[in-house]
Amino acid sequence: MATVAKYLLGMWIAATVVLAYRWLPPAEGFAVPEAAPIVALHLPLALVAIIAAVVAAAQGVRYLTGRNLASDARSKNAAALAALFCLLTTVTGSAFARVQWGGYWNWDPKQTCIAILLAVYAAYFVLRAGVDDPEKRAAVSGVYIVFAGILTPMLGYVVPKYLAKFSLHPTNTQFDSRYWTVILFATLGFTGLYVWMQNLANRFDVAGLVLQQRLAEAEEAPAPRLVTMATAASGADTEATAWTTR
Amino acid sequence: MSWTAEAGAVFAKELRTEWRTRVALSAVGLFALASLTLIALSFRGAPLTSFRSDADRALQLLTREAVAGSLLWVLIFFTAATGLGRTFVQEAERGTALALRLSARATTVWTGKYAANTLLLLVLTLIAAPILLAILEVRPANAGLLVCVLLIGAVGLAAVMTFTAALVAQASAKSGLLAALSFPLLVPLFLAGVNGTKAALGFGNEAGRWTPALADLQVLGSYAVIAVTASLLLFDFVWND
Amino acid sequence: MDDSVAVFGMIAVPLLIWAGVFAFMLGVDRRVRDLERRVRETGNFREQEERHP
Amino acid sequence: MDTSRQAFLTLENLGKSYGVRRVLRGVSLAVGPGEVVSVTGRNGSGKSTLLKLIAGLLRPSQGEVSLQIGANAKPLDAAGRRQAVGYAAPDLALYDELTGRENLLFFARVRGRRLPDAERRLADVGLAGRGNDLVRAYSSGMRQRLRLAFALLADPPVLLLDEPSLALDEAGVALVAQTVARHKAARGVTLLATNDAGEAALGDRALVLDG
C-alpha cells in the first residue's frame with residue numbers, strides 16, 4: 001500500500017473519530033447522549049467483520065480448488081481479522097448496552113449473530129492448531145470455514161426472529177443523516193484498515209512460505225536410482241549387488 | 001441405483017460393527033443416564049409450576065414446560081457430541097479409513113455414516129425425552145408435534161455432527177473438539193428446536209395446537225436440507241484429502 | 001470551562017488509541033517490507049547467517 | 001487380463017513434502033503391463049509414501065502420477081486410481097468387528113460389485129475355513145493374508161504391495177511370491193515396497209529411493 005494511502009487512512013479515521021464525538025447530536029432515543037459515537041462506530045465494525053468473513057470463506061474455496069498454501073494463509077488471516085472485528089463489535093456493543101441499559105448484554109439480535117460468528121472463528125483456530133501437516137491443516141480449515149460460511153448466514157434470519165421479543169434494543173433506531181454520514185465514513189475507514197492489515201498479514205505469510213520452500217529445496221536428498229534386476233542378478237553392477245547383501 | 005446400495009452397505013456395516021462393540025451406544029447411554037440423574041437430583045425438591053398464560057412473563061420462563069424444553073436440547077447436543085464422533089475417529093486411528101477410501105466414494109461413506117448417526121441420535125432422543133419429561137413431571141400438550149420437532153431436529157443435528165466429526169478425526173487433539181466446532185453452526189437449529197419443543201410441551205400453547213410451532217418446524221426442515229446438501233458437497237474434500 | 005475539558009477528554013482518548021494503533025501498524029508495515037527485501041536479496045539461502053526457523 | 005484392462009503407469013518427477021520436511025523427491029518411472037518393480041530404501045526414504053501417491057491416497061507436492069488402463073485410455077484422476085489399484089500396507093486395517101468374509105463382502109459391495117467367489121478368494125490366501133471368524137481373533141499373519149485378499153478383491157490391473165510378507169510364515173511368503181508371479185503372468189503392473197532382499201528379488205527392476 002502506497003505510503004500516502006497509509007497516512008490518508010490515518011487521517012481519515014482520525015477525522016471520523018472527531019466527527020463522531022463533536023458533530024453528532026445526542027440522539028433523542030438514547031438515555032446517555034455521549035453514547036452516540038459508540039453506536040456510530042459499532043455498526044461499521046460489524047460490517048467489516050462480515051466483509052472479512054466473506055473473504056475468509058472465499059479464500060477457503062480458492063484453497064480447496066487451487067491447493068495453493070498462499071490461499072490458505074489469506075483465508076487464515078481473513079478469519080483472524082474477522083475474529084478481531086467481531087470482538088471489537090461485541091465490545092463496543094456491550095459498552096453501549098452498559099451505558100444505555102445498565103446490562104452488559106441485551107440479546108440484541110445483531111450483536112448475538114456477531115458473537116456467534118466470533119465463536120465460529122474461535123473453533124476454526126482450535127481446529128487449525130490440532131492439525132500439524134500444513135497441507136492437511138489447510139484442507140481441513142478450508143472445509144470448515146466454507147461449511148460455516150454456508151450455515152452461518154441463516155443466523156441473520158433465524159436469530160432476529162427468535163430473539164426479537166427479548167431485546168430491549170429499539171430494533172430500528174432512527175439515525176438522522178449526520179449519523180449515516182459518520183457511519184459511512186467509519187465503514188470506509190475501517191474497511192481501509194482491514195485491507196491494510198490483511199495485506200500485511202498475507203505478505204508476511206507469503207514471505208514465510210518462500211523461505212520454507214527454499215529451505216526444502218536446499219535440503220540435500222539423494223536422487224532415486226533405477227537399477228535393473230538383470231545386472232544385479234549377474235553381479236556386474238556392484239552397487240546393485242551391494243544392495244542385495246544389505 | 002448403485003449409489004444407494006453402496007451407501008446402504010456402509011450403513012449396514014456401521015450398524016453391525018456398532019452392534020458388536022456398542023462403543024458409541026454405551027458412551028451415549030451412560031452420558032444421558034448421568035445427565036438425567038443429575039437433573040432428577042437437582043429438581044427433586046422444587047416441583048416447578050405449570051405454564052399459565054395469565055402469569056407474568058418472567059414467571060412463565062420458570063415453568064416446567066420451558067425448563068424441560070431447554071434441558072432436553074442441552075442433553076441431546078452434549079450426548080450427541082459424546083457419541084457421534086466415534087465413527088470417524090475409530091476408522092482413522094485403526095487404519096480402516098485407508099481401505100474404505102480405496103473402495104468407496106466419499107458421498108456414500110458420508111451418507112451411510114450419517115444415516116447410522118441419525119438412527120443412534122433418534123434412539124437416544126426417544127429414550128431420554130420421556131425420562132426427562134417424567135422427571136420434570138411434564139405432560140406434553142401435543143406429543144405428535146413433540147416427536148416431529150425432535151425428529152426433524154435430530155436429522156439436522158446428525159448431519160452437522162457427522163460432517164464435523166470427519167474434520168475432528170484428522171486433528172491430533174480431539175477431545176471436546178466436536179462440541180466446540182459444531183455448536184456455533186447449530187445455533188439456528190437450537191433456537192428453533194427449543195422453541196418448537198416448548199410449544200409442543202404446552203408453553204404458550206396449552207391447547208397443544210400445531211400452528212405456534214409451524215414456523216419452528218419450517219426452520220428445522222430448511223436447516224436440515226441445507227446441512228445435508230453442504231455436507232454432500234464438501235465431504236469429498238474432507239474424506240479424500 | 002470544565003465542559004470543554006470533559007469534551008476534550010472525550011475526544012483525546014479515542015484519538016490517542018487510534019494514534020497508537022496507527023503507529024503500531026506503520027511499524028508492522030516496515031518490518032514486513034524489510035522481510036520481503038531480505039527474501040528477495042538472499043537468492044541463495046545458504047550463507048544467510050540468521051536462519052529462518 | 002485382456003489388453004483393454006492392461007495398465008500403463010508413468011511417474012514424472014514425483015515428490016511429496018510435509019511443510020519443510022521433504023519425504024520424496026524427483027521420482028520418475030514408467031511401468032508397463034507384466035512388469036514388477038521393487039521399491040527399496042532405508043526406513044523413511046519414502047517407500048510407503050510413493051505407493052500411497054500412486055494409489056491416490058496422497059496428493060503429490062510436485063510431479064505427477066499418470067495411470068492409464070488400456071493402451072490409449074486417458075489417465076485416471078485420483079478417484080479413478082483409487083478404484084483401479086489393489087493396495088495393501090501395514091497401516092491399512094480391515095474391520096476387527098467383522099468376520100473375514102464379512103469384510104470382503106462389505107468392501108466388494110461398497111465398490112458396487114457382487115462377490116460370488118468369497119470362499120475361493122479366502123482359500124487363495126490360505127484362510128479357507130476361517131471366513132466366519134472375527135478378524136479380531138486373527139493372528140497378525142492371518143490379518144496380512146486378509147489384506148492380500150482385500151488388495152486382489154477387484155482383480156485390479158495394478159497391484160501395490162507395501163511390505164507384503166510382514167508377519168507371514170514360510171507358506172505366507174510363498175503365497176506372496178505366487179501372487180506376484182500370477183499377477184505378472186496376467187500382464188498386470190506390480191510395485192513392491194520392501195527392504196527384504198528375498199522379496200525385492202521378485203522385481204524385474206528395483207527403484208532404490210535412497211540412491
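Below, chains carry the letters A, B, ... as their sequence lines are ordered, and counting in each starts from 1.
Summarising the geometry, atom OH belonging to A/Tyr144 is positioned 4.0 Å from atom CG belonging to B/Leu185; distances are rounded to the nearest 0.5 Å. B/Gln170 CD to A/Asp133 CG: the interatomic distance, rounded to the nearest 0.5 Å, is 10.0 Å. With rounding to the nearest 0.5 angstrom, the CG atom of A/Leu151 is 10.0 Å from the CG atom of B/Leu189.
Without hydrogens or angle criteria, B/Tyr223 side chain to A/Met154 main chain gives no donor-acceptor distance under 3.5 Å. With hydrogens and angles ignored, the 3.5 Å screen pairs a side-chain donor or acceptor of B/Ser172 with a backbone N or O of A/Gly130.
At a threshold of 4.5 Å between non-hydrogen side-chain atoms, the residues B/Phe235 and A/Val143 do not count as touching. Looking only at side-chain heavy atoms (C-beta outward), B/Val194 and A/Tyr162 stay at 4.5 Å or farther from each other. Contact check for A/Val140 versus B/Val238: no side-chain heavy atoms found under the 4.5 Å cut-off. Contact of the A/Ile150 side chain with the B/Leu234 side chain is registered, since non-hydrogen atoms from C-beta on lie closer than 4.5 Å.
Only the side chain of B/Phe163 comes within less than 4.5 Å of a heavy atom of chain A; its backbone N, CA, C and O stay farther away. Neither the backbone nor the side chain of B/Ala166 comes within contact range of chain A; no heavy atom of the residue lies under 4.5 Å from a heavy atom of that chain. In this structure, chain A has heavy atoms under 4.5 Å from both the backbone and the side chain of B/Leu167.
Most heavy-atom pairs under 4.5 Å with chain B, from the set A/Thr152, A/Val159, A/Leu64: that is A/Leu64. Heavy-atom pairs under 4.5 Å with chain A peak, among B/Ala192, B/Ser231, B/Ser222, B/Ala215, at B/Ala192.
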Item to check | Residue pair A/Tyr157, B/Val219: steps toward the side chain to side chain contact (heavy atoms under 4.5 Å, CB included) verdict | outcome: CA-CA 10 Å; A/Tyr157 161 70; B/Val219 168; 4.2 Å; yes
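The two residues B/Ala180 and A/Ala123 come nearest to each other via the heavy atoms O-CB, 3.5 Å.
Each of B/Val160, B/Leu181, B/Leu233 was scored for a side chain to side chain contact (heavy atoms under 4.5 Å, CB included) with A/Phe147, with one residue passing: B/Val160.
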